[in-house]
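Here is the structure we will look at.
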Amino acid sequence: MVREVFSSIHRRYDLLNRLFSLRRDVAWRRFAAGKMHFFRAHRLLDVATGTGDLAIETARLHRNIGVVGVDFVRPMMEMALMKLSRHRLSQRVLIVQADALNLPFPDDHFDVVGIAFGIRNISERSAALAEMMRVAVPGGQVMVLEMHFPKSPFFSWFYRTYFVLVLPRAARFFSRNPAAYHYLADSIADFPTPKAFVDTMQATGLIGIETYALSFGITHLYVGLKPEKAAEGTGAETRLGRR
Ligand SMILES: C[S@@+](CC[C@H](N)C(=O)[O-])C[C@H]1O[C@@H](n2cnc3c(N)ncnc32)[C@H](O)[C@@H]1O
């Protein structure tokens, strides 16, 4: 179902993203890229890369790294490839077809493993986080950027109205598959609270988790660290947590 949704909206995905988020999505990815540290492998993995926006944003900000983006929907990947060529980044950013639950990379391979607006489409969230952690180097970052319904009553009301009244109409106007946008709106509503999501990250084994609420909490950036192997159970949590 997820494959079908994204195959049907790939052409308008970027336009509608910018429109529905009032272009905040660009700033959110930029913020995430600014929090990334490349210290060992100098490699980023962008999971569920879609049309490649996080991969592109990061490659432009960190000029000495190599980037791999993975997705399992071919039409979205083709959009990413076109954009990479436009940005002259085809040499530095590789796009690979793969499932987030079975990443075709060795253990301990990337300094940063990120996923932007993708984890809510994956029902086995803990398994996806565990797989992201596996391919991160010890001490590396696992980053999740995701949308939530905001807590404040006013913004919550505004946001729900927007999703119930504005978005479905706009989707009908712009897209041949408005049901896809209903699915996307529902997937935001069904996503766990920030506290519950941090608990899931912790249960996966990530440590030193930091959370950033962006644009009144509409979006959160979560940054967790993969524990250092040699120091496991010997205070690594405290040391890494202060970085
Ligand atoms: C909402 S888009 C996000 C795209 C991009 N990361 C961004 O920032 O705009 C979600 C993407 O996740 C991909 N996706 C969902 N489940 C996946 C999985 N299990 N493995 C790989 N990609 C997946 C979809 O194909 C889609 O391209």
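By convention here, the first residue in the shown sequence is residue 1. When reading the values below, keep in mind they use all heavy atoms of this one structure, side chains included, and skip hydrogens, waters and symmetry mates. We count ligands from 1, going down the list as the structure has it; atoms in each ligand are counted the same way.
- Backbone and side-chain nitrogen or oxygen atoms of D53 are examined, and none is located within less than 3.5 angstrom of a nitrogen or oxygen of ligand 1.
- Those atoms of ligand 1 that come under 4.0 Å of a heavy atom in V73, given as number and element, are 25 (O).
- Under 4.0 Å is where a charged nitrogen must lie from a carboxylate oxygen, and between D108 and R40 no such pair does.
- The distance from atom CE of M147 to atom CD1 of I188, rounded to the nearest 0.5 Å, is 4.5 Å.
- Here R3 has no heavy atoms under 4.0 Å from ligand 1, in either its backbone or its side chain.
- In terms of protein heavy-atom proximity, atom 1 (C) of ligand 1 is nearest to F117 O, 3.0 Å.
- For R43 and F38, the positive end is not near the middle of the six-membered ring at less than 6.0 Å and at most 45° from its axis.
- The nearest heavy-atom contact from the protein to atom 15 (C) of ligand 1 is V2 CG1, 3.6 Å.
- Although no hydrogens or angles enter the test, the distance criterion places no donor-acceptor pair under 3.5 Å between the side chain of K226 and the main chain of P138.
- Although no hydrogens or angles enter the test, the distance criterion places a donor-acceptor pair under 3.5 Å between the side chain of D71 and the main chain of G50.
- Between the side chain of E131 and the backbone N or O of L103, at least one donor-acceptor pair lies under 3.5 Å.
- Which parts of ligand 1 touch A98 is read off a 4.0 Å heavy-atom cut-off, strictly below it: atoms 20 (N), 21 (C).
- Closest to atom 8 (O) of ligand 1, if we only count protein heavy atoms, is R29 NE, 2.9 Å.
- Contact check on K83 versus D53 returns a salt bridge, with a Lys/Arg side-chain nitrogen under 4.0 Å from an Asp/Glu carboxylate oxygen.
- Closest to atom 12 (O) of ligand 1 among all protein heavy atoms lies A48 CB, 3.2 Å.
- Among protein heavy atoms, the minimum distance from atom 9 (O) of ligand 1 is reached at Y13 OH, 2.7 Å.
- At a 3.5 angstrom cut-off on N or O pairs, D46 does not count as close to ligand 1.
- At least one N/O-N/O distance between D99 and ligand 1 falls below 3.5 Å.
- Backbone and side-chain nitrogen or oxygen atoms of A100 are examined, and one is located within less than 3.5 angstrom of a nitrogen or oxygen of ligand 1.
- Ranking the protein heavy atoms by distance from atom 25 (O) of ligand 1 puts D71 OD1, 2.6 Å first.
- For M76, no nitrogen or oxygen atom sits less than 3.5 Å from a nitrogen or oxygen atom of ligand 1, counting backbone and side chain alike.
- T204 places a side-chain N or O within donor-acceptor distance of the main-chain N or O of T200, the cut-off being under 3.5 Å.
- Residue contacts with ligand 1: L101 is placed with no nitrogen or oxygen under 3.5 Å of a nitrogen or oxygen of the ligand (distance criterion only).
- Scanning the protein heavy atoms around atom 5 (C) of ligand 1, the nearest turns out to be T49 O, 3.3 Å.
- With a heavy-atom cut-off of 4.0 Å, A128 does not touch ligand 1 at all.
- Proximity of a side-chain donor or acceptor of R120 to a complementary backbone N or O of E146 within less than 3.5 Å is not detected.
- Under the 4.0 angstrom criterion for non-hydrogen atoms, G52 is not in contact with ligand 1.
- The distance from atom CG of L145 to atom CZ of F31, rounded to the nearest 0.5 Å, is 9.5 Å.
- Between Y222 and H148, the ring planes lie perpendicular to each other; the angle is over 60°, past the 30° to 60° tilted range.
- Ion pair E57/R29 not flagged as a salt bridge, since none of the NZ, NE, NH1 or NH2 atoms sits closer than 4.0 Å to an Asp/Glu carboxylate oxygen.
- Between the Q141 side chain and the H37 main chain, a donor and an acceptor come within less than 3.5 Å of each other.
- Residue N121 places a heavy atom less than 4.0 Å from ligand 1.
- Close approach to N17 involves these atoms of ligand 1, each under 4.0 Å from a residue heavy atom: 9 (O).
- For atom 16 (N) of ligand 1, the closest non-hydrogen atom of the protein is F72 CZ, 3.4 Å.
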